[in-house]
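Heavy atoms only: backbone and side chains are in, while hydrogens, waters and symmetry mates are out. Residues: numbered from 1 along the sequence shown.
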Amino acid sequence: MPHYDNPVLPGFHPDPSVCRVGEDFYLVCSSFEYVPGVPVFHSRDLVHWRQIGNALDRPEQLPIPPDSTASGGIFAPTIRHHDGRFWLITTNVHRGNFLVTAEDPAGPWSDPVWLDLPGIDPDLAWDEDGSCWCTFSGTHVARIDPATGTVLEGPYPGWQGSGGQYPEAPHLYRIDGWWYLVIAEGGTERGHGVSVARARSPRGPFEAAPANPILTHRSTNRPIQSTGHADLVSAPDGTWWMVLLGTRPRGHTPLYHVLGRETFLAPVRWVDGWPQVDPVQLREQAPACWTPTAAPPPRDDFDATTLAPAWISPRVRPAGSWSLTERPGWLTLHATGATLDRPGATLVGRRQQHPDCRITARLDPGTGRGGLSVRIDEAHHYDLEVAGGRVRVLARIGPLSQCVAEQPVAAGPVDLTVDIRTTDVLPPSVTSAEQLAAGGPGVGAAGPDTIGFLVGGDPASATLLAELDGRYLSTEVAAGFTGRVIGMYATEGSVAFDWFDHRPRPAADE
């Protein structure tokens, strides 16, 4: 039998929600302050996912204040298919809960219908008579008119969980005459878990599963942590599956995760009317519908007339800030008067998806200023920048900003490389926090990875300018709900990029 590797959506893809239409699966994730918002993915086997669009790709759908803090914006979408349409409901923390619809999940999606319901993490479910139920704000339930957002009944208190902090991320399902309510508890950090209750009516009362939480990795040494925020889906063969978020922390205690919360897949079995899930593995037996699928190309040559849907920008991407036609075959970025230290920077990036990777781009700075950035937010980023005949490595960590290396560079196009490699190899003899604190054999840098900055695209001939500790670009240092984004930027004038290549680091170099 074939197997698949977890996570099935690596990198910053948190809060997954999934639905099935026939033999096709569709999945969405939180996008927070990045635009376009809510990436939409398609799969035929739950393992191989291809991004087909973004649900929120117009300013009227996604109002995010330009001065909003990091990790604002869009929280926890839910995608469902009902009555021939796709429905997506989510939270804009700057305004409230809303839903959008589409006939084609690739878009276009409608303008928002705002709901008169507070809180976060809304969900949609329909009963047999066509009534629409919205579960929200942890575990409250209300009957709504999805066409207008009007509350028709409730809200009811629902189920308040099994005692863990922050009961949230509710999903309601009608299965075999029961209404199952799956929630997250324990917070989205290391205490995260999945719990479930059921009732004969969406109005309750709900009874808790006897074995809650049905999934958690808290207080274990498993390589996958923070498991929770789950959604259930059945495959065409009748098997059940769970998509959920998790992290892969690395480095020395307290461990750091840098890719953000990622999307994992786990098989579900039903025992005595309750879903059960084993601990999530890095390698699992694949669904029966699994099919071999080629990996997407790692390089974008910017030969299209529109940006691929995977490219994102923080908060806003003004139409005049980028162009693929001004210089055909190149992506031209125009500075908006901001810098990477302030909201509104002209930055076009992609989520870092591999713990060990190499990112290379060809840049023509002209008379502008720009380069490559590895960022968590405005206050935590490393930059490889070209301007005025020099290339510099800049580090911003909280209130501190410093140039750590620089050298002259010839005029014209130049290849820049960011090389990221794991540094958390722990000697077998070091097995406990006490040994680490005592300085066990071989215990060195605490970071999860090392980030190298080079001039040149060929690893054999590129010039290394600097290597920086990756822990300062981690969630444990920067805080928040996102992960690393690596991209191209301009802070003065115009800067053009011929291509961008993001691929796993070759095994021979590890």
### Query
Does the ring of Trp179 carry Arg198 above it, NZ/CZ under 6.0 angstrom from centre and within 45° of its axis?
no
### Message
For Glu103, I'd like to know if atom CD has over 12 heavy atoms of other residues, nucleotides or ligands within 6.0 Å.
### Response
no
### Message
Main chain of His48, side chain of Asp45: is a donor-acceptor contact present, judged purely on distance under 3.5 Å?
### Response
yes
### Asn212 and Ser162: side chain donor to acceptor below 3.5 Å
no
### Query
Just by distance, do the side chain of Gln61 and the backbone of Ala55 share a donor-acceptor pair under 3.5 Å?
yes
### Task
Can you establish whether the number of heavy atoms outside Asp237 located under 6.0 Å from its atom CG is more than 12?
yes
### Task
Answer yes or no: is there a donor N or O on one side and an acceptor on the other, between the side chain of Arg396 and the main chain of Gly398, under 3.5 Å?
yes
### Task
Step by step, work out the side-chain contact (heavy atoms from CB on, under 4.5 Å) result for Ile52 and Arg50.
CA-CA 6 Å; Ile52 58 176; Arg50 179 177 65 91; 3.6 Å; yes
### Summary
Rounded to the nearest 0.5 angstrom, the CD1-CZ distance for Ile74 and Phe32 is 9.5 Å
### Task
Return yes if some donor-acceptor pair links the side-chain N/O of Arg317 with the main-chain N/O of Tyr34 below 3.5 Å, else return no.
no
### Task
With salt bridge (Lys or Arg N to Asp or Glu O under 4.0 Å) as the test, would you mind laying out the steps for Glu23 and Arg44 before giving the verdict?
CA-CA 6 Å; Glu23 296 185 349; Arg44 296 298 297 270; 2.8 Å; yes
### Query
Are the side chain of His192 and the backbone of Ser226 linked by a donor-acceptor contact shorter than 3.5 Å?
yes
### Message
Counting neighbours of CG on Asp5 that are heavy atoms of other residues, nucleotides or ligands and sit closer than 6.0 Å, is the number greater than 12?
### Response
yes
### Query
Nearest 0.5 Å, what's the CG-CD1 distance between Leu99 and Ile144?
6.0 Å
### Query
How long is the gap from CG on Leu62 to CD on Glu33, to the nearest 0.5 Å?
10.5 Å
### Query
Does a salt bridge link Arg315 with Asp67, judged by any charged N lying under 4.0 Å from a carboxylate O?
no
### Query
Counting N and O atoms only, with roles assigned by atom type, does the side chain of Gln51 sit under 3.5 Å from a partner on the main chain of Pro309, one being a donor and the other an acceptor?
yes
### Query
In Å, rounded to the nearest 0.5 Å, how long is the span from CG of Asp57 to CH2 of Trp109?
11.0 Å
### Query
Is it true that a side-chain atom of Asn92 and a backbone atom of Pro63 form a donor plus acceptor pair closer than 3.5 Å?
yes
### Query
Would you call the rings of His13 and Phe41 parallel, tilted or perpendicular, where under 30° means parallel and over 60° means perpendicular?
perpendicular
### Query
Does a side chain donor of either Asp123 or Tyr173 reach within less than 3.5 Å of an acceptor in the other side chain?
no
### Task
Examine the side chains of Asp83 and Trp126 and answer whether a donor and an acceptor come within less than 3.5 Å of each other.
no
### Task
Output, in order, the C-alpha distance, side-chain angles, deciding distance and verdict of salt bridge (Lys or Arg N to Asp or Glu O under 4.0 Å) for Glu262 and Arg351.
CA-CA 11 Å; Glu262 308 174 277; Arg351 296 158 172 89; over 6 Å; no
### Full working for salt bridge (Lys or Arg N to Asp or Glu O under 4.0 Å) between Arg358 and Asp419
CA-CA 5 Å; Arg358 180 173 290 139; Asp419 188 74; 2.9 Å; yes
### Message
Quick one: does any side-chain atom of Gln276 pair with a main-chain N or O of Ile214 as donor and acceptor, under 3.5 Å?
### Response
no
### Task
List the steps, then state whether salt bridge (Lys or Arg N to Asp or Glu O under 4.0 Å) holds for Arg505 with Asp449.
CA-CA 13 Å; Arg505 200 167 188 269; Asp449 54 13; over 6 Å; no
#### Entry: Distance-only polar pair, side chains of Asn97 and Thr91, donor-acceptor under 3.5 Å
yes
### Task
Would you mind reporting whether Cys132 and Leu124 have side-chain heavy atoms less than 4.5 Å apart?
yes
### Message
Test your reading of the model: is there a side-chain donor-acceptor pair from Ser201 to the backbone of Arg203, 3.5 Å cut-off?
### Response
yes
### Task
Mind checking the CD1-CD1 spacing from Ile420 to Ile486? Nearest 0.5 Å is all I need.
4.0 Å
### Query
Angle class for the His502/His354 ring planes (parallel below 30°, perpendicular above 60°, tilted otherwise)?
perpendicular
#### Entry: Parallel, tilted or perpendicular, as decided by the 30° and 60° cut-offs, for the rings of Trp270 and Trp240
perpendicular
### Message
Check this for me: does any side-chain nitrogen of one of Glu185 and Arg218 sit under 4.0 Å from a carboxylate oxygen of the other?
### Response
no
### Task
Taking atom types as modelled, find out whether Gln225 and Thr247 have a side-chain donor-acceptor pair closer than 3.5 angstrom.
no
### Query
Rounded to the nearest 0.5 Å, how far apart are CG of Leu473 and CG of Leu468?
8.0 Å
### Message
Under the criterion side-chain contact (heavy atoms from CB on, under 4.5 Å), I'd like the reasoning laid out for Phe98 against Asp111: C-alpha separation, chi angles, the key distance, then a yes or no.
### Response
CA-CA 10 Å; Phe98 68 96; Asp111 287 341; over 6 Å; no
### Task
For the pair Ser71 (side chain) and Phe481 (backbone), establish whether a donor and an acceptor sit closer than 3.5 Å, ignoring hydrogens and angles.
yes
### Task
Measure from the ring center of Tyr26 to the ring center of His81 and say whether it is less than 6.0 Å.
no
